[in-house]
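Predicted model only: the values in this text are computed from it and were never measured. To find a chain, count down the sequence lines: A is the first, B the second, and so on, and within it residues start at 1.
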6 protein chains.
Amino acid sequence: MRIVVTNCNTTQEMTEEIVRGARAAAGPGTTVTGLTPSWGPESAEGWLDSYLSAAAVLDALRTYEGPPYDAVVMAGFGEHGREGARELLDVPVVDITEAAAHLACLLGRRYGVVTTLERSCGQIEDSLETAGVGRNCVAVVGTGLGVLDLGDTDRTEAAFLAAAERARAAGAEVLVLGCAGMTGLQRVVGEKLGVPVVDGVGAAVRLAESLVGLGLTTSRAGSYAKPVRKRREWGRGVG
Amino acid sequence: MRIVVTNCNTTQEMTEEIVRGARAAAGPGTTVTGLTPSWGPESAEGWLDSYLSAAAVLDALRTYEGPPYDAVVMAGFGEHGREGARELLDVPVVDITEAAAHLACLLGRRYGVVTTLERSCGQIEDSLETAGVGRNCVAVVGTGLGVLDLGDTDRTEAAFLAAAERARAAGAEVLVLGCAGMTGLQRVVGEKLGVPVVDGVGAAVRLAESLVGLGLTTSRAGSYAKPVRKRREWGRGVG
Amino acid sequence: MRIVVTNCNTTQEMTEEIVRGARAAAGPGTTVTGLTPSWGPESAEGWLDSYLSAAAVLDALRTYEGPPYDAVVMAGFGEHGREGARELLDVPVVDITEAAAHLACLLGRRYGVVTTLERSCGQIEDSLETAGVGRNCVAVVGTGLGVLDLGDTDRTEAAFLAAAERARAAGAEVLVLGCAGMTGLQRVVGEKLGVPVVDGVGAAVRLAESLVGLGLTTSRAGSYAKPVRKRREWGRGVG
Amino acid sequence: MRIVVTNCNTTQEMTEEIVRGARAAAGPGTTVTGLTPSWGPESAEGWLDSYLSAAAVLDALRTYEGPPYDAVVMAGFGEHGREGARELLDVPVVDITEAAAHLACLLGRRYGVVTTLERSCGQIEDSLETAGVGRNCVAVVGTGLGVLDLGDTDRTEAAFLAAAERARAAGAEVLVLGCAGMTGLQRVVGEKLGVPVVDGVGAAVRLAESLVGLGLTTSRAGSYAKPVRKRREWGRGVG
Amino acid sequence: MRIVVTNCNTTQEMTEEIVRGARAAAGPGTTVTGLTPSWGPESAEGWLDSYLSAAAVLDALRTYEGPPYDAVVMAGFGEHGREGARELLDVPVVDITEAAAHLACLLGRRYGVVTTLERSCGQIEDSLETAGVGRNCVAVVGTGLGVLDLGDTDRTEAAFLAAAERARAAGAEVLVLGCAGMTGLQRVVGEKLGVPVVDGVGAAVRLAESLVGLGLTTSRAGSYAKPVRKRREWGRGVG
Amino acid sequence: MRIVVTNCNTTQEMTEEIVRGARAAAGPGTTVTGLTPSWGPESAEGWLDSYLSAAAVLDALRTYEGPPYDAVVMAGFGEHGREGARELLDVPVVDITEAAAHLACLLGRRYGVVTTLERSCGQIEDSLETAGVGRNCVAVVGTGLGVLDLGDTDRTEAAFLAAAERARAAGAEVLVLGCAGMTGLQRVVGEKLGVPVVDGVGAAVRLAESLVGLGLTTSRAGSYAKPVRKRREWGRGVG
């Protein structure tokens, strides 16, 4: 099966890193294709970025011209857009925020999220809540690092471990990597912390495979009906 | 004071109608300027439209070149974007969804919302919840009418009254017009129903005036910090 | 328009201070009249005081003989009575507790309240919850000062700033003055804290003006129906 | 032990009826004394009445001059005042609303309340919520009867049974009599409905006996500290 | 009346201690009979133990051959089984977890639980939540002591006091002994802490007496219907 | 990888049916082994059965002597035991109740469960709540069929469709098969209803594969620490 993984920002290197994380997690027989929006923010940090990102990712999906695919993974932690993609597409859509939380709930009674800037915490809380998996989340904490700072792996690891202690003190028995750009970090910090650490990219790939394997896709009843036909313009001066 | 009222869609007639509603509600000394996004959906119905709309409205605000203003009213009921505008702007931002709910809470113990298509109900519920005013909402019900069908006022009124009965049966003591395009309907249906009916456009204008009058604006601490400087592209091929 | 502002206690000086705060916040064309109950506690601190105050304030409203008015502001932070006034009166009633919370929700994602004695915190939490605006409140903290100690402005300011830090640490992005007697304090502490500080008296005046301006008043459907005619005695030996 | 049972209204016949209900429920060795407030409403229906009643009942308790007692039962279903009495008195205070709910939770997974006028439902919901026992309540329904109509037992029984069906349909496995004046009705309607029916008066008497028997009384830490000494006037012209 | 008190583990000494606690709390005319399961864990600490204990206690109740009884108290704090006993038996069933919480709610606005090992905290939280009394619980904290360590009373008292401070700091106005084996500790720690301390064993005995005295027993409507007749084997090779 | 699927009852035919469902859902390379407890109820319907089942299933797992395995799926919908298995085992444990809910959350905004007897609904609600996925569940409805009646497929299908309409009317956009014995029914009812129908057995197998594939297993921090060494007897007269 083929899974399209959408980056939430325009930074191609990050798409590649996310694709690497997705491939490392995918089961045999799964092909992963990365999709970078042609517009939007170079990193998504805060609501302004997130709304811009959501529109750009939806635009990338609706104008996608690659090979057919079976599911979409949306790789923006706490970013908007998943419900729109569910309306747009006939295949299952899994967002990495909810995916990480779903798996975390299976591994411990309470989980925590460690993310980038403090400003992103509120968005993540809202995203978990509306996805229906907020109840067992005891803390969303920031590391103070920007998305594009995550390339410095030593600094990232140290900041993650420090923030993770705050989540553990709040009762987290499982931790979640709160940014797509952290993918790959789970093993090293997991060992140091002695608790499971869930990477949303990997979690979402596996959940997407699960839905496809079970023949399940988004309900068209109620919320995620197909978009109504109408005039829509995606950016100034373009159709 | 000047209030900019943003339409969430590209339909100029609707902007004009909303501006009329806003002006009818505004206090003396308030000037209302309508702002129609130059791109986006012609009407916002569902999440796909809403995310597209959010980006387009934020783009309109960031590229606005009119006279200085004191507050922004975002006139899309249940539509996304308000948090992004709060990051972007130094003046208060009031969304009509939350505004209507805030006033409705002052008028009865439980309120209900009557909106357009059923597919919009979930979005509105999420918007009320994250705005912190969902607790006293007992029902969000659809009329089955599309946004662009609201011009037929007899049909709209009849559909509103029928849907309102369902909200009343669920315990609503106050009703809210669940679409910016319904502005003006509140008086006639209010009289027929015998309960207060709150129009979000008018409510938001008054709340915006209140914040400005009190010298209050969005907190920069935590969630709504100023956007980080970075490269952002607003639509394909445009900067 | 005329707004009657009820003090929740019998201390005339506090009524005057509240009226000053209300007038400072009111829009042009609004007249503010203070109303001091002729009986009740000299300050309201705790439930016993609050219930006594509620009855005394309702008695003052029902026996009011001044000029006609358009709305009532109830200036007791966390004190009981607002629902009773809504039953009694045909004009809108706004309580300063809920009013401050409504505006605070528009200014940040989470807010906190700084009040007088610790014993008042629970009452305030209950009041916010039943008003439907408790969800985004992260902390209600006490300064340890009694209501009648607030006249010492240096001490009050220092105590407020210390308590505010606790609310900020709990995630508050906006603060609320948790006592009518603190009115006026918002500007100085707001500047020092660098976050918006909402005064309930001003907030309630503006919300009352908003409701009146929009032609809205309390719903008579369900909870706030007119009181049933019956024999009621307001205090021993008086009718 | 002696338990003082306070009526929430000035109707002496109702006090007597409540005392009969309390005595029928009390264990051996318990003496029940009725206390009728000397002022207040002749029946409590709605918030205005309830706040007036709260002050009058507190006044009756603070000026009580009868024999010493070990606990107080407050017999007003959904009426205000219990927290004030807890501040005022050194003995345990049990309100019939919470008492009925506490026992109902032990008898089934979900319970419902059948009360008098529809207008009282909201107050009862708030009272259960703040008492901490609202979670398992699935419905509060009205019979349409006023408090002083309950003397007509055939009509009351019929109205109760009809309303009880609505609560049962909502999932109630246990029912609660939602008015002190219904005391005694539990057995006949319980048999007809085939589910347990809890009378708050009896429940509160038993809970009060339990607390006294275990040597427990209200905590003075935090919320229910002793009232601060100050000037309070209980009604116009009286001290 | 006769109350059967079930220990949740096979340690006979603990049954005896619990029976002593129950008898100390019981009213005149109540006979307390202890029941120790013939299989199960020697102490219940964690979910595995708790599920084993639940089955063993239910088996002990269904095969009980002693004198007739009027109510059952289940003396395992946070342990499973209460709903099953309600299905099985025609007499009231009161679990000490919920019982302590019910009484604690009457004594202060918020309560906390101090238990044995940290691993038990989650179970207790779940038990309070499903019993409908979780709302007013602000903290469940562990002492780090195992159930069978509680015999060392000095160490237990010191550990309890230390943990209680954490619950108090979280806002608890009342404390609950979070283990049946702590019964008797309430008086000494209550005096030292200056707040009421509720023992679940005593609370449950009093609540059971209350239900019996009021002629109330478990509803058969809905959740707690009688068990369906079927083949059940209670342990390997036994019928 | 090998997954052990535990039936919650002693009916071997049902184990076989569940294993068939699990195999149909499993990915390539997964071997499914069924495990039937050697004692317990022949079907689990209600809390008594569920607690008995939990102990018997845990006993079967602890005494399992088959080939090594990588994960456990617990195939009892709404039944107890999952937390105990997590303590006991080093491999991931997935319960079909939570598994179905996790996937349902990815397919629609709100889901509903259709189960067997009405008496099971409460248990399922509690199970979803404590698993952290109850928020988006709008209804748990019964078909009135016992577990062992499900063999009559025509009757089961008809009863399911009728009950499903009630869940749909309550807002469910996705449905969940509320009994392990319904496995296989999802396709035929899904087509007739026009919404996705999730089978918990298949969902749990896929989630277990996902966790194993990602190298994740239960956290030992906090709730699911390894069982403390102690004496435990699993059924009368056996060790």
Side-chain angles (χ1 to χ4, degrees), chain E residues 9-11 37-60 62-63 80-88 117-123 125-126 129-130 146-148 221-228 230-239, chain F residues 9-11 37-60 62-63 80-88 117-123 125-126 129-130 146-148 221-228 230-239:
Chain E
N9 62 48
T10 57
T11 301
S38 65
W39 50 286
E42 66 177 327
S43 67
E45 294 163 317
W47 272 278
L48 180 89
D49 286 349
S50 190
Y51 288 126
L52 174 57
S53 165
V57 169
L58 290 170
D59 189 33
R62 108 193 147 83
T63 59
H80 288 88
R82 68 185 167 220
E83 303 94 341
R86 284 180 180 142
E87 291 176 305
L88 184 67
L117 302 179
E118 293 290 342
R119 71 183 302 156
S120 297
C121 296
Q123 251 178 284
E125 287 173 21
D126 287 356
E129 177 69 13
T130 56
V147 172
L148 301 181
S223 298
Y224 305 139
K226 281 212 171 192
V228 175
K230 67 179 62 163
R231 190 162 41 82
R232 294 179 181 91
E233 295 186 46
W234 297 80
R236 272 171 297 155
V238 293
Chain F
N9 61 49
T10 57
T11 301
S38 67
W39 50 286
E42 65 177 327
S43 67
E45 294 163 317
W47 273 276
L48 179 88
D49 287 348
S50 189
Y51 288 125
L52 174 58
S53 165
V57 168
L58 290 170
D59 189 33
R62 108 193 147 84
T63 59
H80 288 87
R82 68 185 167 220
E83 303 94 342
R86 285 181 179 140
E87 293 176 305
L88 183 66
L117 302 179
E118 293 289 343
R119 71 183 303 156
S120 297
C121 295
Q123 252 178 283
E125 287 173 19
D126 287 357
E129 178 69 15
T130 55
V147 172
L148 300 182
S223 298
Y224 306 139
K226 281 213 171 191
V228 175
K230 66 178 64 163
R231 191 161 41 80
R232 293 178 181 91
E233 296 187 45
W234 297 81
R236 272 171 298 154
V238 292

Chemist: Could you give the distance from NE2 (F:His80) to OG (E:Ser50), rounded to the nearest 0.5 Å?
Modeler: 9.0 Å
Chemist: Can you tell which of E:Ser223, E:Ala54, E:Ala55 has the highest number of heavy-atom pairs within less than 4.5 Å of chain F?
Modeler: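 Heavy-atom pairs under 4.5 Å are most numerous for E:Ser223.
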Chemist: Should F:Leu148 and E:Lys230 be marked as a side chain to side chain contact (heavy atoms under 4.5 Å, CB included) after you check the CA-CA gap, both sets of side-chain angles, and the distance that decides it?
Modeler: CA-CA 10 Å; F:Leu148 300 182; E:Lys230 67 179 62 163; over 6 Å; no
Chemist: Is E:Ala44 in contact with chain F via its backbone, its side chain, both, or neither, using a 4.5 Å heavy-atom distance?
Modeler: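 Only the backbone of E:Ala44 comes within 4.5 Å of chain F.
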Chemist: When rounded to the nearest 0.5 angstrom, what distance separates CG in F:Asp49 from CZ in E:Arg232?
Modeler: 4.0 Å
Chemist: Count the heavy-atom pairs under 4.5 Å between each of F:Cys121, F:Ala85, F:Ala225 and chain E, then report the option with the highest count.
Modeler: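 Of F:Cys121, F:Ala85, F:Ala225, F:Ala225 has the most heavy-atom pairs under 4.5 Å with chain E.
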Chemist: Under 3.5 Å, is there a donor-acceptor pair between the side chain of E:Glu83 and the main chain of F:Trp47?
Modeler: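 No.
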Chemist: Against chain F, label E:Ala56 side chain, backbone, both or neither, depending on which of its atoms sit under 4.5 Å from a heavy atom there.
Modeler: neither
Chemist: With a 4.5 angstrom heavy-atom cut-off, is it the side chain or the backbone of E:Glu129 that approaches chain F, or both, or neither?
Modeler: side chain
Chemist: Roughly how far, to the nearest 0.5 Å, is the OG atom of F:Ser38 from the CD atom of E:Glu233?
Modeler: 8.0 Å
Chemist: Taking all atoms of both residues into account, what is the closest heavy-atom pair of F:Gly84 and E:Tyr51, and its distance?
Modeler: N-CE1, 4.0 Å
Chemist: Non-hydrogen atoms of chain F under 4.5 Å away: do they reach the side chain of E:Ser43, the backbone, both or neither?
Modeler: both
Chemist: If you tally heavy-atom pairs under 4.5 Å against chain E, which of F:Ser53, F:Gly81, F:Ser120, F:Gly222 wins?
Modeler: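 Counting heavy-atom pairs under 4.5 Å, the top option is F:Gly81.
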Chemist: When rounded to the nearest 0.5 angstrom, what is the spacing between CZ in E:Arg231 and CG in F:Asn9?
Modeler: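 Here the rounded value is 9.5 Å.
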Chemist: Could you check which of E:Gly122, E:Gly46, E:Pro37 has the highest count of heavy-atom pairs closer than 4.5 Å to chain F?
Modeler: E:Gly46
Chemist: Against chain F, label E:Thr10 side chain, backbone, both or neither, depending on which of its atoms sit under 4.5 Å from a heavy atom there.
Modeler: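 When you check distances to chain F, only side chain atoms of E:Thr10 fall under 4.5 Å.
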Chemist: If you tally heavy-atom pairs under 4.5 Å against chain E, which of F:Gln123, F:Glu118, F:Glu45 wins?
Modeler: F:Glu45
Chemist: A side-chain contact here means heavy atoms from C-beta on lying under 4.5 Å apart; do F:Arg119 and E:Val228 qualify?
Modeler: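 Heavy-atom side-chain distance check passes, below 4.5 Å.
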Chemist: Is any side-chain heavy atom of E:Leu58 less than 4.5 Å from a side-chain heavy atom of F:Leu48?
Modeler: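 Yes; the side chains approach each other to less than 4.5 Å.
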